[in-house]
Protein chains: 2
Amino acid sequence: MKPDTNGHLPSDCRAISEILSRIGDKWSVLIVMRLTDGPLRFSKLRETIGGISHKMLSTTLRGLERDGLVTRTVYPTIPPQVEYSLTQLGHELREPVNALGEWALRNQGKIHEARLRYDASAIDAAKRNLPKTA
Amino acid sequence: MKPDTNGHLPSDCRAISEILSRIGDKWSVLIVMRLTDGPLRFSKLRETIGGISHKMLSTTLRGLERDGLVTRTVYPTIPPQVEYSLTQLGHELREPVNALGEWALRNQGKIHEARLRYDASAIDAAKRNLPKTA
DNA sequence: CAGTATCCCAGTAGATACTG
DNA sequence: CAGTATCTACTGGGATACTG
């Protein structure tokens, strides 16, 4: 296999792709970020992340736990208490994710402008195709 | 709004989440990586990325173009030729994506192990619940 | 060659209700 | 409180066929 200009093999792209499909879903990153400052209980986690359903929080947490990014601790009290916290691996993940986040923050304006431009020209194109309707 | 330990606001998390949902799909990153070394034509792009359907390549490229990450250039030859290349923004995106990729590469072993552990204990738990069946 | 449109299946996520 | 199960709606993505 021939490395590209960055010394990356094609197979590396697959690895990137794989990890992205793992954390690229709607909630994983949000959960990891929320656990940055310390452990949180299920319900607290759900509060602080707006808009996540009971089911999705449960499902996503199990996925993160399975991949060793999050630890689940059950306190056998009544009513039961369950705490979630980041593992070492989970904490380490935050670094590249933050890098991506900073890129996003830095460039969200440009992306927004690009979209406006694109959508505007798409409308123009549509008008050229449908000059007389309405 | 209160910054977390990294000086990030909760709204930043949304921005991260948003960009991730943009590039976190199955193909975007793969396409960006393939365009690293220079422009490629539609069919060439499709060849080098294994397994992508005609439709998805088209759809994903349009999305990347809309966000200003990719440029589409049409050469009015017969048969028509269309070249895709990264914009400046597209090239800049590669940096944080590579960082994530390197994290993925570095830790894929750990993740794999964590999964094996998790799955093994899940099976054990299942066995405890179903001791006599089969 | 490049791209769009249509059809269709499968996986995903929400709402709701129930259990330990 | 934490979590699972079910049912349903929506969407993503593949196959195919057609157009500039």
Side-chain angles (χ1 to χ4, degrees), chain A residues 17-18 20-31 34-35 39-66 70-85 118-119 121-123 125-126 128-130, chain B residues 17-18 20-31 34-35 39-67 70-85 118 121-123 125-126 128-130:
Chain A
S17 188
E18 214 173 284
L20 271 175
S21 69
R22 175 64 270 272
I23 63 160
D25 65 89
K26 202 173 174 185
W27 303 112
S28 291
V29 165
L30 252 25
I31 293 176
R34 278 301 180 286
L35 292 176
L40 281 178
R41 293 173 56 183
F42 188 88
S43 47
K44 190 67 182 170
L45 206 42
R46 191 163 171 226
E47 273 171 43
T48 54
I49 303 174
I52 188 169
S53 72
H54 205 112
K55 178 190 175 182
M56 281 316 296
L57 180 55
S58 179
T59 306
T60 309
L61 281 171
R62 256 183 293 124
L64 293 171
E65 191 195 353
R66 185 169 108 102
V70 155
T71 308
R72 179 174 179 269
T73 313
V74 183
Y75 299 98
T77 56
I78 295 179
Q81 248 182 265
V82 181
E83 253 185 17
Y84 292 91
S85 54
Y118 185 92
D119 293 347
S121 56
I123 289 170
R128 280 194 296 279
N129 288 337
L130 303 165
Chain B
S17 188
E18 213 173 283
L20 272 174
S21 69
R22 175 64 271 269
I23 63 161
D25 66 88
K26 203 173 173 185
W27 303 112
S28 290
V29 165
L30 251 25
I31 292 175
R34 276 303 181 285
L35 292 176
L40 281 178
R41 293 174 56 184
F42 187 89
S43 48
K44 190 67 184 172
L45 206 41
R46 191 164 171 226
E47 273 172 43
T48 54
I49 303 174
I52 188 169
S53 70
H54 205 112
K55 177 191 175 181
M56 282 316 296
L57 181 55
S58 178
T59 306
T60 309
L61 281 171
R62 255 183 293 125
L64 293 171
E65 190 195 354
R66 185 170 109 101
D67 288 352
V70 155
T71 309
R72 180 174 178 268
T73 313
V74 183
Y75 298 99
T77 57
I78 295 178
Q81 249 181 262
V82 181
E83 253 184 16
Y84 293 91
S85 54
Y118 184 92
S121 55
I123 289 171
R128 280 195 296 279
N129 289 336
L130 303 165

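Below, chain A is the first sequence line, B the second, and so on; all start at residue 1. Everything quoted here is computed from the prediction, not taken from an experiment.
- Consecutive pairing runs in DNA chain C reach the stem threshold at C:1-20 with D:1-20, where a stem means at least three Watson-Crick or G-U wobble pairs with distances under 3.5 Å.
- Contacts classified as salt bridge (Lys or Arg N to Asp or Glu O under 4.0 Å) and involving residues 43-55 of chain A (residues at least two apart or in different chains) are given here: A/Lys44-A/Glu47.
- Atom CD1 in B/Ile23 sits 13.0 Å away from atom OG1 in B/Thr60 (nearest 0.5 Å).
- The nucleotide range of DNA chain C contacted by chain A, defined by atoms under 4.0 angstrom from heavy atoms of the protein and reported 5' to 3', is C/dA13 to C/dG20.
- Here B/Lys26 reaches the OP1 or OP2 of D/dG14: one of its side-chain N or O atoms lies under 4.0 Å away.
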_Verdict with reasoning, B/Leu64 to B/Arg22, per side-chain contact (heavy atoms from CB on, under 4.5 Å)_ = CA-CA 9 Å; B/Leu64 293 171; B/Arg22 175 64 271 269; 3.5 Å; yes
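- Annotation: proximity of residues 42-53 of chain B to DNA chain C (heavy atom, distance under 4.0 Å) is found for B/Phe42, B/Ser43, numbered in ascending order.
- Put simply, CG on B/Asp67 and CZ on B/Arg62 are 13.0 Å apart, with the number rounded to the nearest 0.5 Å.
- Atom C1' of nucleotide D/dT11 and atom CG of A/Asp25 are separated by 16 Å, given to the nearest angstrom.
- Closest heavy-atom contact between B/Ser28 and B/Asp25: OG-OD2, 2.6 Å.
- The heavy-atom pair separating A/Phe42 from A/Leu61 by the smallest distance is CD1-CD1, 4.0 Å.
- For the pair A/Pro80 and A/Arg41, the tightest heavy-atom approach, listed with the atom from each and the gap, is O-NH2, 4.2 Å.
- Distance check, rounded to the nearest 0.5 Å: CZ of B/Arg66 to OH of A/Tyr118 gives 8.0 Å.
- Scanning both residues, B/Tyr84 and B/Leu35, for their nearest heavy atoms gives O-CD2, 3.4 Å.
- Using a 4.0 Å cut-off on heavy atoms, the residues of residues 73-84 of chain B that approach DNA chain D are B/Pro80, listed by number.
- In terms of heavy atoms, B/Ile49 sits closest to B/Ile52 at O-CG2, 3.6 Å.
- Atom CD of A/Gln81 and atom OG1 of A/Thr73 lie 11.0 Å apart (nearest 0.5 Å).
- For A/Leu40 against A/Arg34, the heavy-atom pair with the smallest separation is CD1-O, 3.8 Å.
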Between N or O atoms, less than 3.5 Å apart, protein on one side and nucleotides 6-9 of chain D on the other: list the pairs.
none

